[in-house]
Amino acid sequence: MDLIARLRAGLPDDAILTDPDVTGSYATDMASFCAAGTPAVVVLPRTVEEVQHVMRTATELRVPVVPQGSRTGLSGAANASDGCLVLSLVKMDRILEINPVDRIAVVEPGVINAALSRAVGAHGLCYPPDPSSWEQCSIGGNIGTASGGLCCVKYGVTAEYVLGLDVVLADGRLLTTGRRTAKGVAGYDLTRLFVGSEGSLGIVVRAVLALKPQPPEQLVLAAEFASTAAACAAVCEIMARGHAPSLLELMDRTSIRAVNDMAQMGLPDSTEALLLAAFDTPDPAADLAAVGALCTAAGATQVVPAETAAESELLLQARRLTLTALERVASATMIDDVCVPRSRLAEMLDGTAAIAEKYDLTIGVCAHAGDGNTHPTVCFDAADPDESRRARASFDDIMALGLHLGGTITGEHGVGVLKKEWLARELGPVGVELQRGIKQVFDPLGILNPGKLF
């Protein structure tokens with residue numbers, strides 16, 4: 001019995017896609033420079049039992065399985081391989097429970113991040129992780145890549161909110177990890193092991209997520225600087241003084257120019273860096289005043305604090321438009337997410353500017369400055385082979401710079417296909433050996449998302 005017939009024995013017909021024109025549209029996520037193959041079939045299950053049937057079938061027939069969420073990832077982690085079974089979890093999109101007493105939500109992997117945020121908001125709660133793609137990205141994908149977001153500086157990343165998981169293993173068995181309780185230290189922390197594993201250890205089919213009380217509405221401050229060094233010095237001073245901003249974002253000159261050209265934001269041409277700070281404290285105006293004074297002392301040429309939520313949203317528009325604006329600069333973009341210690345942030349930005357000059361490319365940088373997570377965006381002409389080569393070389397140089405500064409090759413986008421070589425460099429031979437050993441325990445046949453990570 002062939003693969004499709006075996007799948008149909010446990011799945012409804014509308015859950016199985018075989019038309020090559022349709023299955024081909026599931027071949028990639030949003031990453032550049034990442035190889036992708038042609039899937040043999042795309043499956044869209046709606047239940048845990050259907051996922052188990054898919055994995056039992058794949059194991060029996062030795063068919064590689066590539067799990068997918070909304071495919072908003074930027075590392076090729078959801079890219080298909082030739083002859084694989086694409087397991088798309090977008091139809092498993094139910095919020096199963098919201099518990100205000102225990103402050104948890106129980107969700108399926110296809111739930112969209114923004115939908116969950118709105119649902120828990122109706123209960124006076126919030127789910128803090130907020131990737132820039134929060135209106136499109138799924139919770140399962142966020143878990144798979146250990147996503148971050150704008151508010152990480154205060155509230156942390158996805159891993160800190162995943163309390164427990166239901167995971168279908170490669171052979172179809174169902175594993176439950178973690179807890180629903182506020183505390184729990186029984187056994188190895190398998191839950192954390194799955195967060196960031198990019199579908200290489202199992203298929204997440206249910207997640208227990210921690211929630212927080214809804215904070216007060218935040219107010220935002222914008223500070224303009226004549227140098228990135230001065231802006232980064234302000235970031236260091238803000239953090240060293242013990243402030244807890246809900247957001248601390250930085251844009252470099254290239255990003256500012258791109259946004260100005262697209263949206264006429266009115267930022268002066270003399271602005272080399274724009275720092276955005278926000279507070280959702282009981283008295284945000286006082287916090288903004290204190291941070292504004294630190295920015296001025298660090299050399300800010302202008303400090304503009306918002307007085308209302310509407311003004312705050314206007315100030316944040318420049319940051320929200322950055323990627324869209326940089327995408328207008330050239331036909332293709334390649335987004336990095338190197339994270340360095342905050343104290344080395346200025347060196348990272350200045351080094352990236354030098355790399356842009358070295359390769360004669362436009363590279364704009366926006367950063368989650370509060371946690372040192374930079375997003376250099378390489379703009380290039382994909383139809384020009386030499387420019388594409390230089391773009392890839394600049395990307396590698398940026399990652400090498402990040403490691404040199406004591407950082408990591410990925411703060412929140414994951415490894416996927418794009419950074420496999422660099423993961424090995426960061427982990428070292430012993431680290432790679434142990435991680436491959438863990439993969440072997442969970443996936444002895446190597447059918448789960450092959451070719452990713454290692």
Side-chain angles (χ1 to χ4, degrees), residues 25-39 42 64-82 84-90 109 131-133 136-149 157-159 193-204 323 332-339 373-378 382 388 391-392 394-396 398-400 402-403 407-427 431-432 435-436 438-439 442-443 446-454:
S25 67
Y26 286 81
T28 65
D29 61 15
M30 296 180 68
S32 302
F33 287 112
C34 292
T38 303
V42 175
V65 176
V66 176
Q68 289 184 350
S70 300
R71 294 185 293 119
T72 58
L74 295 165
S75 68
N79 282 13
S81 55
D82 282 332
C84 77
L85 184 158
V86 165
L87 180 57
S88 174
L89 299 159
V90 295
S132 296
S133 59
Q136 294 87 34
C137 64
S138 64
I139 296 298
N142 293 169
I143 291 170
T145 57
S147 300
V157 295
T158 296
L193 189 59
F194 283 103
V195 179
S197 66
E198 302 184 15
S200 65
L201 301 179
I203 311 298
V204 172
L323 180 56
T333 57
M334 194 174 187
I335 306 170
D336 210 332
D337 75 318
V338 171
C339 190
N373 195 174
T374 67
H375 290 304
T377 302
V378 183
S388 295
R392 181 67 213 223
S394 71
F395 188 87
D396 287 343
I398 290 168
M399 285 191 283
L403 290 181
T408 175
I409 59 166
T410 176
E412 56 189 8
H413 291 172
V415 175
V417 177
L418 191 61
K419 299 185 177 183
K420 285 171 58 176
E421 174 192 347
W422 287 96
L423 177 65
R425 296 192 194 190
E426 179 171 334
L427 296 180
V432 170
Q435 296 217 11
R436 283 179 172 161
I438 292 169
K439 164 77 168 170
F442 284 89
D443 182 22
I447 65 170
L448 281 171
N449 217 5
K452 313 297 166 54
L453 292 169
F454 308 112

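It should be emphasised that the depicted structure is a prediction, and the values quoted were computed from it without experimental measurement.
Judged by distance alone, the side chain of Thr158 and the main-chain N or O of Ser147 form a donor-acceptor pair under 3.5 Å. Remark: the backbone N or O of Thr377 is not paired with any side-chain donor or acceptor of Thr333 at under 3.5 angstrom. Between the side chain of Lys439 and the backbone N or O of Ser200, at least one donor-acceptor pair lies under 3.5 Å. Under the 3.5 Å distance criterion, the side-chain polar atoms of Asp82 are left unmatched by any main-chain donor or acceptor of Gly37. Using modelled atom types, one side-chain atom of Gln68 and one backbone atom of Tyr26 make a donor-acceptor pair closer than 3.5 Å. Of the possible polar contacts, one joining the Glu198 side chain to the Val415 backbone as a donor-acceptor pair under 3.5 Å is found. Judged by distance alone, with hydrogens and angles left aside, the side-chain atoms of Asp337 form a donor-acceptor pair with the main-chain N or O of Glu412 at under 3.5 Å.
With rounding to the nearest 0.5 angstrom, the CZ atom of Arg425 is 10.0 Å from the CD1 atom of Ile409. For the atom pair CD (Gln435) and CZ (Phe454), the distance works out to 4.0 Å, reported to the nearest 0.5 Å. To the nearest 0.5 Å, atom CD1 of residue Ile139 and atom CG of residue Leu89 are 13.0 Å apart. Atoms OG1 and CD, on Thr408 and Glu426 in that order, are 3.5 Å from each other to the nearest 0.5 Å. The distance from atom CG of Leu448 to atom SG of Cys84, rounded to the nearest 0.5 Å, is 11.5 Å. Here the straight-line distance linking atom OG of Ser70 with atom CE of Met30 works out to 11.0 Å at 0.5 Å rounding.
The heavy-atom pair separating Ala31 from Cys34 by the smallest distance is CB-SG, 3.7 Å. Shown here for Gly69 and Val90, the closest heavy-atom pair between the two residues is O-CG1, 3.3 Å. Heavy-atom minimum distance, Pro67 versus Ile203: CG-CD1, 3.5 Å. Shortest non-hydrogen contact noted between Val157 and Gly148 is CG1-CA, 4.1 Å. Nearest heavy-atom pair, Ala80 versus Val66, reported as atom, atom and distance to 0.1 Å: CA-CG2, 4.2 Å. Taking each heavy atom of Val195 and Ala146 in turn, the nearest pair found is CG1-CB, 4.0 Å.
Residues passing the ring pair (Phe, Tyr, Trp, His ring centres under 6.0 Å) test with His413, sequence neighbours excluded: His375. Shown here are the salt bridge (charged side-chain N to carboxylate O under 4.0 Å, His left out) partners of Asp29, two or more places apart in sequence or in another chain: there are none.
Here the rule is side-chain contact (heavy atoms from CB on, under 4.5 Å) with Trp422, and of Val338, Leu403, Leu427, Thr410 only Leu403 fits it.
Between the side chains of Thr28 and Asn79, no donor-acceptor pair is found at a separation under 3.5 Å.
With contacts defined as side-chain heavy-atom distances shorter than 4.5 Å, the pair Leu453/Lys420 does not qualify.
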